[in-house]
Amino acid sequence: MQTAEKFADFVPQQDAADHARYARALKASKRAYWDIDADVFRGRNFDFSHKFLPDGLSRVGELEFLTEAEARLMSQVQGRSYACIFGLVERYIGAKVLELSGQHWLGDQVALEALVRFSDEELKHQELFRRIEHMIDAQMPPGYRKVADPNEVARAVLSKSTWSVLALTCHIELFTQSHYQQSIESAADLSPLFKDVFMYHWREECQHAMLDELEWKREHARLTLRQKEQAVDDLIDLVGAVDGILQAQSTADAAYFLGLCDRPFAAEQQARVRDLVLKAYRWQYIVTGVLHPHFQRVLTSMTTPEQMGRIGKALDPITAAFA
């Protein structure tokens, strides 16, 4: 029978620093736990006399020709898609985290528990966003259209390298935090329920970002130079795919918004509405993550200057409007 010391030779051991970070994430998860009905909804519905998204995310203030009611409607249309797109990405994140947990089955059990809780929270978030969509759908006029299927998107994302999937996921978890802290939390004119949804969502995304980074670095350490090159290409492809979804959803949402308004808009105004919605979605789902200081530090630490140059070149058409 093998001794414990010899058996340990075959089991990858997390170093003390990583173990401590998994432990902190696990502790934070237990402390931040919330229930959809008891804590978030509490028998409430969405208040359509208020905005859903703050102006800092919807960028609706750039359309100076909109009335106050139209600006509020624009924030509600965008807010609906904001929640839908989160539900979309939670599908692939949950699946990937479950896959990653297998690497810890016979290793660090604290890391395993942290990832299992992560996946459980992602399933809860999916349910939350499905229920939000049903509630908003019952209150808004017909005609709204979701352009992407969560399972199809998940299959496409999960076909890429783990490194690139974790990079995208870390990017998402970090901008989720900045959206709440920099825009949603301080906005006084939002639907109380909509604001609370993203307060509770933010509470659990904080530790998710820590776990994303840990797993991303673990994956990076085991890749060859050639695999890292491919991973960077995969990340560029994933960002392009996200932008494709945003372009399609923004076109659908602009048409839906214009169809709901009680007055006609000139052709130039309609074009500005379409451009603004795409600009807002790119700001929300790509640019705020790219600009996040911590994401920049982590990505730079795991790429060469040439690779960062390729990533920057691919992002130029998306970020140009915010220069």
Side-chain angles (χ1 to χ4, degrees), residues 12-42 82-83 85-132 150 154 157-158 162 165-182 184-185 193-220 289 292 294-295 297-298:
Q13 299 295 306
Q14 299 293 335
D15 63 35
D18 279 359
H19 176 86
R21 294 190 72 190
Y22 282 112
R24 287 199 300 274
L26 178 57
K27 183 177 180 180
S29 172
K30 293 177 178 179
R31 185 173 60 247
Y33 176 81
W34 47 265
D35 178 81
I36 293 175
D37 288 303
D39 299 308
V40 183
F41 289 143
R42 305 199 307 272
Y82 186 76
I85 294 172
F86 268 116
L88 189 77
V89 300
E90 304 276 7
R91 184 69 55 88
Y92 93 75
I93 294 174
K96 179 52 95 176
V97 172
L98 279 173
E99 175 190 314
L100 291 170
S101 71
Q103 299 177 14
H104 300 276
W105 288 353
L106 302 180
D108 188 331
Q109 296 300 285
V110 170
L112 174 61
E113 184 179 357
L115 290 173
V116 169
R117 287 188 68 93
F118 185 171
S119 64
D120 182 61
E121 288 161 357
E122 291 297 300
L123 289 169
K124 179 174 65 176
H125 295 177
Q126 288 184 53
E127 180 187 353
L128 173 68
F129 290 121
R130 283 195 300 269
R131 290 177 61 178
I132 288 169
V157 173
L158 295 173
T162 294
V165 174
L166 287 169
L168 180 67
T169 306
C170 187
H171 162 273
I172 291 170
E173 312 280 20
L174 287 171
F175 77 57
T176 300
Q177 295 178 52
S178 64
H179 287 184
Y180 180 74
Q181 294 173 310
Q182 298 174 17
I184 298 173
E185 183 178 26
L193 176 54
F194 196 88
K195 188 172 183 177
D196 280 356
V197 163
F198 288 96
M199 182 267 287
Y200 283 103
H201 186 240
W202 160 74
R203 285 186 181 181
E204 292 184 335
E205 295 299 299
C206 294
Q207 60 263 21
H208 292 183
M210 185 187 302
L211 294 171
D212 293 333
E213 183 181 337
L214 281 166
E215 293 298 313
W216 186 12
K217 288 181 175 179
R218 287 182 71 251
E219 178 67 11
H220 183 78
H292 195 287
H294 189 68
F295 180 74
R297 284 193 295 271
V298 178

Could you grab the distance from atom SG of Cys170 to atom NE2 of His294, nearest 0.5 Å is fine? 6.0 Å

Of Glu219, Glu213, Glu215, which is the lone residue that meets side chain to side chain donor-acceptor pair (under 3.5 Å) with Lys217? Glu213

Give the ring-plane orientation class for Phe198 versus His201, where under 30° counts as parallel, over 60° as perpendicular and anything between as tilted. perpendicular

Contacts of Phe118 that satisfy ring-ring contact (aromatic ring centres under 6.0 Å, His included) - sequence neighbours left out: His208

Does the side chain of Thr162 come within less than 4.5 Å of Lys96's, by heavy atoms? yes

Would you please name every residue forming a side chain to side chain contact (heavy atoms under 4.5 Å, CB included) with Arg203, sequence neighbours left out? Ala32, Met199, Tyr200

His292 side chain to Gln177 side chain, donor-acceptor N/O pair below 3.5 angstrom: no

Among all residues two or more places apart in sequence or in another chain, which pass the side-chain hydrogen bond (donor to acceptor under 3.5 Å, both in side chains) test with Arg31? none

Taking all atoms of both residues into account, what is the closest heavy-atom pair of Val298 and Trp216, and its distance? CG1-CZ3, 3.5 Å

The ring-ring contact (aromatic ring centres under 6.0 Å, His included) partners of Phe41 (sequence neighbours excluded) come to none

Euclidean distance, Leu128 CG relative to Leu123 CG, rounded to 0.5 Å: 12.5 Å

Could you note down all residue pairs passing salt bridge (charged side-chain N to carboxylate O under 4.0 Å, His left out) where residues 118-127 supplies at least one of them, sequence neighbours left out? Lys124-Glu204, Glu127-Arg131

May I ask you to check whether Gln207 and Arg117 show a side-chain donor-acceptor distance below 3.5 Å? no

Set of side chain to side chain contact (heavy atoms under 4.5 Å, CB included) partners for Ser119, sequence neighbours left out: Val97, Leu98

